Amino acid sequence: MTDFATSLRTHLAGSLRASHVGTSVRLGGWVHRSRNLGGIVFVDLRDRDGLVQLSFGTDWASAEAIAAAAAVGVESVVQVEGTVVLRDAATRNSEMGTGEIEVRATAIRVLGPAVTPAIPVARGKGEKLPAEELRLRHRYLDLRRPELQATLVLRHHLLQETRRYLAERGYLELETPILTKPTPEGARDYLVPSRVNPGEFYALPQSPQIYKQLFMTCGFDRYFQVARCFRDEDLRADRQPEFTQIDIEASFVDQEDILAMAEGLIGSLWRTGGQDAPAQFPRMTYADAMERYGCDRPDVRYGLEIADYSDAFRPLEFGITQAALARGDRIRGIRIPGGAAWSRKQVDELESLAKGAGAGGLLRVRKADGKYDGPIAKFLTPEAEQAIALEEGELALFVAAADRISNPALDRVRQECAARLGLASPDERRFLIVTDFPMFEQDPTTGALGAVHHPFTSPNAADMAAFPDEPHRWRATAYDVVLNGLELGGGSIRTHDPAVQSRMFALLGIGDTDEQERRFGFLLEGLRAGAPPHGGIAFGFDRITMLLAGATSLRDVIAFPKTTTARSLFEGAPTPVPPEGLAELHIRVQEG
RNA sequence: GGGGGCGUAGCUCAGUUUGGUUAGAGCACUCGACUGUCACUCGAGAGGUCGCGGGUUCGAGCCCCGUCGCUCCCGCCA
């Protein structure tokens, strides 16, 4: 147990217990709240460990000390001397960790007087938090709240566990540059001008991807880093412009080696956060996930799986489905137990969600009182009813479209239905590993290929051999770790053959070898110099912390976060710089 | 880039529906009373550019237009 005693104090205030009764203590901390009853003054003293009640009574404290205690303002920093005493049974406070005792204070010294706080640190029961804008503006006060302190302490423990787990397994914590090379693909880069190289710019890293692969070519074999990453894209509640990844790479591995390590790491982090996790996570292929859930990171806490009803519709004289089937599309849908009771309006709301996701509409039929009912019921033959096979009280919703359309639409509808029916238990944790992502995605209009994961991912060797001229059919050796429909992290086995890597660049539209060398030469050179097979994974550390802290915003697990316009309200960044500063960097700001 | 929500005292919010005298409450703050409270209690007081700008009107916190900030979502982003 750490001893927090220093020259100025003997104990942490929040750590005092009945076992300290009789001890003379000197404490330092913040005035959380005080109660002045006239002849006796109570002060709740706060530090990182919690609260303790100080009492200033005439029987043990001087009139000066009592007056000083009565006068000190909340959030002031004080140093206090006194004795730990057991409280009378009637005055114990079971809501405080220190509630069995109090400190009979004999002296108080104000070390850091505080102006009246702009936002309250101590809140009454049921009192709401101040507006987030004010919490960010006055972050020096907001971070004093025990809830945020507990979150940052948890973040610390998760970081330490990450380091312990990986270091114990031979992973070396290696650092990579913050000033790096701009990368035109992927997210927008944050650029940093170079003073000594006029007109040239560094970029802040979107991830240390290439550097960690170079570590592998150098033989460092197992690497990890708690890496700060930067992406200049629009923000969300779960997206900050700078964020932290647990970045991992290893050599002489295949997918299973990485996934076994990832399962172990995630499990130990969840246990650190006070929650259990299974030793192994179920696997699901990307194709299976898309077919059954319409989504590459399905929430498998509930069913409502998508099924293919094309065969049931094929014989029907029903224009919409006939047209879809004639185009080669499918009729896919989900069945919702209890959904037959939903009103027309409620189902219309589902349809508008589906339309928002790109579908033309939802075909609906339900079974109530033993009969099929709804707009398309009259087209259903007895054979079709038998094929669809609804149970009493079920509602079925279909999308007649290409999978590219029906997947996102049915995913959205499925999630909303689960929310309505309360199917996703907040206490349940269903980890999942999704494998066999496609290597490329094809732009529906131009037909151009883009990397689903990133250009350094190794294609599935069997697919390359089987369809050498059909790269859009290749799967990648890429995988994601998913929890309850949220992506925790993802990775891949990389291409370590420079010729294959060069071909991948060409397939992605960078066919010119000079351009390849200019943009990715430092990777290709490393691969040509003798590279081992390697692969890795990266986890979103902020999101993991958010989940384990029970927070709903990344801003609550980052000490000094940015707003949705990428501003820091506390320190006030970004900010204009004087013309001299710009001139030195050879930069001119354009108006408008 | 687009759409929604919010903006009234230091903080949390009423008041805006249907424009009308001097804009209210709780907490915090200041002063006073109180010897066992723990959201102490009680009394008194101070505290307002109703985000900002413009417009309509005899009159605007309230209606209209614009704008700024925060936030949620789409696009974007692995």
Side-chain angles (χ1 to χ4, degrees), chain A residues 32-45 51-61 66 70-71 73-75 85 87-96 98-99 102 104 114-138 141-142 185-189 206-207 209 229-241 243 245 296-297 353 356-358 408 412 434 437 441 450-454 457 478-482 486-492 537-540 543 552-553 555 562-567 569:
Chain A
H32 190 66
R33 222 196 295 273
S34 62
R35 295 169 292 283
N36 179 359
L37 275 63
I40 187 166
V41 175
F42 298 100
V43 172
D44 292 339
L45 188 73
L51 292 173
V52 73
Q53 173 168 279
L54 314 173
S55 63
F56 294 80
T58 47
D59 289 350
W60 59 89
I66 295 174
V74 293
E75 296 310 316
V85 300
R87 295 199 199 184
D88 289 342
T91 64
R92 286 183 193 159
N93 186 340
S94 59
E95 289 175 21
M96 293 170 79
T98 61
E102 68 181 15
R104 290 203 167 172
V115 295
T116 302
I119 57 172
V121 176
R123 281 177 305 141
K125 285 171 188 152
E127 187 178 338
K128 284 193 191 174
L129 283 173
E132 186 152 22
E133 183 174 358
L134 295 163
R135 291 177 48 208
L136 294 172
R137 171 69 190 82
H138 305 287
L141 289 170
D142 203 37
E185 65 290 315
R188 273 185 281 266
D189 286 320
Q206 295 181 27
S207 85
Q209 181 62 35
C229 305
F230 306 86
R231 288 175 193 164
D232 186 10
E233 294 294 345
D234 288 349
L235 276 60
R236 291 283 189 280
D238 62 350
R239 230 157 63 190
Q240 282 274 307
F243 58 98
Q245 278 191 351
D296 64 3
R297 47 180 164 81
L353 286 176
R412 189 74 195 79
V434 179
F437 278 75
E441 57 194 347
V452 168
H453 187 60
H454 57 52
T457 296
Y479 32 80
D480 275 0
V481 179
V482 171
L486 298 168
E487 183 193 327
L488 300 180
S492 64
I537 195 164
F539 293 100
R543 174 178 278 176
T552 53
S553 166
R555 293 183 297 272
K562 305 284 190 288
T563 68
T564 45
T565 50
R567 291 192 160 276
L569 298 181

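Chain identifiers are assigned alphabetically (A, B, ...) following the order of the sequence lines, protein sequences preceding nucleic acid strands; residue numbering begins at 1 within each chain. Please read these numbers as outputs of a predicted model, since none were measured by experiment.
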- Heavy-atom closest contact (A/Arg231 atom, A/Ser207 atom, distance): NH2-CB, 4.1 Å
Does a side-chain N or O from [X] land closer than 4.0 Å to OP1 or OP2 of [N], or not?
| X | N | value |
| --- | --- | --- |
| A/Thr564 | B/U71 | yes |
| A/Arg543 | B/A78 | no |
| A/Lys128 | B/C13 | yes |
| A/Arg35 | B/C40 | yes |
| A/Arg87 | B/C38 | no |
| A/Thr563 | B/C70 | yes |
| A/Arg555 | B/C70 | no |

- Message: Expressed as a whole number of angstroms, how long is the span from A/Met96:CE to B/U37:C1'?
- Response: 11 Å
- Query: Which nucleotide in the list B/A78, B/U12, B/C76 gets nearest to the side chain of A/Asp296?
  - Reply: B/A78
Sticking with atom [atom1], work out how far [N] lies from [M], rounded to a whole angstrom.
| N | M | atom1 | answer |
| --- | --- | --- | --- |
| B/G47 | B/G1 | C1' | 43 Å |
| B/U22 | B/G26 | P | 23 Å |
| B/A46 | B/C38 | C1' | 28 Å |
| B/C73 | B/A28 | C1' | 36 Å |
| B/A25 | B/U8 | C1' | 13 Å |
| B/C31 | B/A14 | C1' | 28 Å |
| B/G24 | B/U35 | P | 36 Å |

- Query: Tell me, do A/Leu37 and A/Phe42 make a side-chain contact under 4.5 Å, heavy atoms counted?
  - Reply: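 In contact.
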- Message: Taking side chain to side chain contact (heavy atoms under 4.5 Å, CB included) as the criterion, tell me which of A/Asp44, A/Val41, A/Val43 meets it with A/Arg35.
- Response: A/Asp44
- Query: So which of A/Thr564, A/Thr563, A/Leu235 actually passes side chain to side chain contact (heavy atoms under 4.5 Å, CB included) with A/Gln240?
  - Reply: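 The single option meeting the side chain to side chain contact (heavy atoms under 4.5 Å, CB included) with A/Gln240 is A/Leu235.
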Identified pairing partner of [N], criterion: Watson-Crick or G-U wobble below 3.5 Å:
| N | answer |
| --- | --- |
| B/A33 | B/U41 |
| B/C6 | B/G69 |
| B/U21 | none |

- Message: Under 4.0 Å, counting only non-hydrogen atoms across every strand here, what does A/Asn36 touch: a base, just sugar-phosphate, or nothing?
- Response: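 Since a base atom lies under 4.0 Å of A/Asn36, the category is base.
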- Task: May I ask you to say what A/Ser207 touches in the nucleic acid, namely base, sugar-phosphate or nothing, with a heavy-atom cut-off under 4.0 Å?
- Result: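 If one applies the 4.0 Å heavy-atom cut-off, A/Ser207 turns out to touch nothing in the nucleic acid.
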- For A/Ala451 and for A/Leu569, locate the closest nucleotide of RNA chain B by heavy-atom distance; then report the residue assigned to the nucleotide nearer the 5' terminus. A/Leu569
